[in-house]
Amino acid sequence: MNFENRIQKYNSILTTNDRKIIRHLAANKETVVSKTITELSDEIHVSPASITRFCKKLGFDSFQQMKYSIEQSAIDTIKTDKTFDIIYNYYHSILTSTQQFISEEQTTRIVDLILSAGKILFCGIGNSGLISNEFNSRIQRMGISSESITDAHGMLMKSALLNENDIIICFSNSGMTKSVVSAAKLAKENKATTIAITNYAETPLTKLADEVVLITSYKYIEDEKFINTQLPGLFLLDLLTYKLLKNEKLMENRQKTLKAISEHG
């Protein structure tokens, strides 16, 4: 797992001192690799022990291993002045990072849950709501009973009516969106299966989830002009859609609905 993904994954346990270290490392990727832990601690004004603890928090076996990860991150950052190449490289970086979070086994489990569900409720607000609507549209065309709610009060009402045969899939980058967390809590009380799709592992939403899917945050791209909160979610949706359509019945249903729209829409 690359350096940025480790920061994202363990975000909830990072201290103020840790974030001070991160800011320095992110701003000095090219020179960090040649530093000793003592030299680096003097530059950042923290103790060598603080850097050692930081490495352990991110799951590195050693300071050297962390430096190697940062070095790779610097190498992977291709510098160019062409806008097309810049955005292409950002997309490539986001998809590569998201791939490190998502496993074949997990997507298979989620597909199995969807196939066995009585009903599926998608919940999300804002940009997360757009992903919610997209996934709902896709699986409805496969003949799966589902609904997408992007209204705070609506998702509370709908989640309160779920039962143990149903699934709620919650989209929230922060994992702290109040209405989404409340909907997940109500669904959990009704014994519905809860799936969270989010950026961070330890949040109010993930604590309620039976299945947590981490996707990369665009915020770790150090360019304030680049804003894309949907690409990692769409990548996940494409993975799940592709797997679902391996089911012959779902593919047949999709072809039927597309034909109906084509002929009568």
Side-chain angles (χ1 to χ4, degrees), residues 1-83 85-102 127 172-177 196-207 212-229 231-232:
M1 185 174 291
N2 66 30
F3 181 68
E4 289 78 9
N5 275 2
R6 288 172 188 263
I7 293 171
Q8 181 180 324
K9 182 176 181 180
Y10 299 109
N11 181 71
S12 64
I13 62 172
L14 298 179
T15 64
T16 301
N17 223 29
D18 294 331
R19 298 185 193 284
K20 182 179 179 181
I21 295 171
I22 290 169
R23 286 193 296 272
H24 184 87
L25 296 178
N28 299 277
K29 287 181 180 179
E30 290 79 6
T31 60
V32 164
V33 293
S34 64
K35 304 289 184 180
T36 67
I37 194 169
T38 302
E39 289 171 337
L40 198 58
S41 64
D42 287 342
E43 287 182 4
I44 306 174
H45 303 296
V46 298
S47 68
S50 294
I51 295 178
T52 299
R53 286 193 295 272
F54 172 73
C55 293
K56 297 297 183 184
K57 283 182 183 179
L58 295 189
F60 291 112
D61 294 331
S62 65
F63 174 63
Q64 288 300 125
Q65 189 184 46
M66 183 187 75
K67 286 204 301 181
Y68 175 76
S69 181
I70 294 171
E71 182 180 25
Q72 287 301 117
S73 179
I75 291 171
D76 291 342
T77 303
I78 303 171
K79 292 180 172 59
T80 176
D81 293 327
K82 296 180 179 179
T83 304
D85 292 336
I86 290 171
I87 301 304
Y88 174 85
N89 291 335
Y90 287 163
Y91 269 49
H92 181 268
S93 175
I94 287 173
L95 294 180
T96 300
S97 293
T98 298
Q99 187 179 22
Q100 293 181 1
F101 283 129
I102 302 171
N127 285 320
S172 171
N173 288 330
S174 68
M176 299 178 68
T177 309
I197 299 171
T198 183
N199 292 159
Y200 306 109
E202 297 293 331
T203 65
L205 179 60
T206 60
K207 290 176 182 177
V212 176
V213 186
L214 293 182
I215 55 176
T216 298
S217 171
Y218 79 97
K219 293 180 181 179
Y220 290 99
I221 290 179
E222 297 163 17
D223 187 339
E224 61 184 9
K225 297 186 294 299
F226 181 77
I227 304 169
N228 188 316
T229 61
L231 182 61

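We count residues from 1, following the sequence as given.
Residues forming a side-chain hydrogen bond (donor to acceptor under 3.5 Å, both in side chains) with Gln64 (at least two apart in sequence, or on another chain): Lys67. For Phe226, the ring-ring contact (aromatic ring centres under 6.0 Å, His included) test picks out Tyr90, with sequence neighbours left out. Partners of Lys57 according to the side-chain hydrogen bond (donor to acceptor under 3.5 Å, both in side chains) rule, which considers only residues two or more places apart in sequence or in another chain, are Asp18. Applying the ring-ring contact (aromatic ring centres under 6.0 Å, His included) test to Tyr91 and every residue at least two apart in sequence or in another chain returns nothing. Looking at residues two or more places apart in sequence or on another chain, you find no side-chain hydrogen bond (donor to acceptor under 3.5 Å, both in side chains) involving Ser93. Under the side-chain contact (heavy atoms from CB on, under 4.5 Å) criterion, Thr96 pairs with His92, sequence neighbours left out. Every salt bridge (Lys or Arg N to Asp or Glu O under 4.0 Å) that Glu43 has, sequence neighbours left out, goes to Lys35. In this structure, the side-chain contact (heavy atoms from CB on, under 4.5 Å) partners of Ser174, at least two apart in sequence or on a different chain, are Ser172, Met176, Thr177. Under the side-chain contact (heavy atoms from CB on, under 4.5 Å) criterion, Thr229 pairs with Asn127, Asn173, Tyr218, sequence neighbours left out. Partners of Thr198 under the side-chain contact (heavy atoms from CB on, under 4.5 Å) rule, at least two apart in sequence or in another chain, are Thr206, Val212, Leu214. Scanning for salt bridge (Lys or Arg N to Asp or Glu O under 4.0 Å) contacts around Lys20 gives an empty result, with sequence neighbours left out. Contacts of Arg23 classified as side-chain hydrogen bond (donor to acceptor under 3.5 Å, both in side chains), with partners at least two apart in sequence or in another chain: none.
Rounding to the nearest 0.5 Å gives a distance of 10.5 Å between CD1 of Ile7 and CD1 of Ile21. From Met1, atom CE reaches atom OG of Ser69 across 10.5 Å, with rounding to the nearest 0.5 Å. How far CG of Asn28 is from CD1 of Ile44: 8.5 Å, rounded to the nearest 0.5 Å. Rounded to the nearest 0.5 Å, atoms OG (Ser97) and CD1 (Ile102) are 11.0 Å apart. Note that the NZ atom of Lys29 and the CD atom of Glu71 stand 12.5 Å from one another [nearest 0.5 Å]. Ser50 contributes atom OG, which lies 13.5 Å from atom NE2 of His45 (distance to the nearest 0.5 angstrom).
In terms of modelled atom types and a separation under 3.5 Å, the side chain of Thr52 and the main chain of Pro48 share a donor-acceptor contact. Side chain of Lys9 to main chain of Tyr200: no donor-acceptor pair is present (N/O by atom type, distance under 3.5 Å, no hydrogens or angles). Side chain of Gln8 to main chain of Asn199: a donor-acceptor pair is present (N/O by atom type, distance under 3.5 Å, no hydrogens or angles). Looking only at distances, a side-chain donor or acceptor of Asn2 sits under 3.5 Å from a matching main-chain atom of Asn5. At least one donor-acceptor pair closer than 3.5 Å links the side chain of Ser41 to the backbone N or O of Thr38.
Counting only heavy atoms from C-beta outward, the side chains of Leu40 and Leu25 approach each other to under 4.5 Å. Counting heavy atoms from C-beta on, the side chains of Thr216 and Leu231 never come closer than 4.5 Å.
Residues Gly59 and Gln65 share a closest heavy-atom pair of O-OE1, 4.3 Å. When all heavy atoms of Pro204 and Gly175 are compared, the closest pair comes out as CD-O, 3.6 Å.
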Pair Ile94-Ile215, side-chain contact (heavy atoms from CB on, under 4.5 Å): steps then yes or no = CA-CA 9 Å; Ile94 287 173; Ile215 55 176; over 6 Å; no
side-chain contact (heavy atoms from CB on, under 4.5 Å) evaluation trace for Phe54 with Asn17 | CA-CA 9 Å; Phe54 172 73; Asn17 223 29; over 6 Å; no
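Heavy-atom neighbours of Glu39 CD from other residues, nucleotides or ligands within 6.0 Å: above the threshold of 12.
Classification of the Phe3-Phe60 ring pair by plane angle, with boundaries at 30° and 60°, yields parallel.
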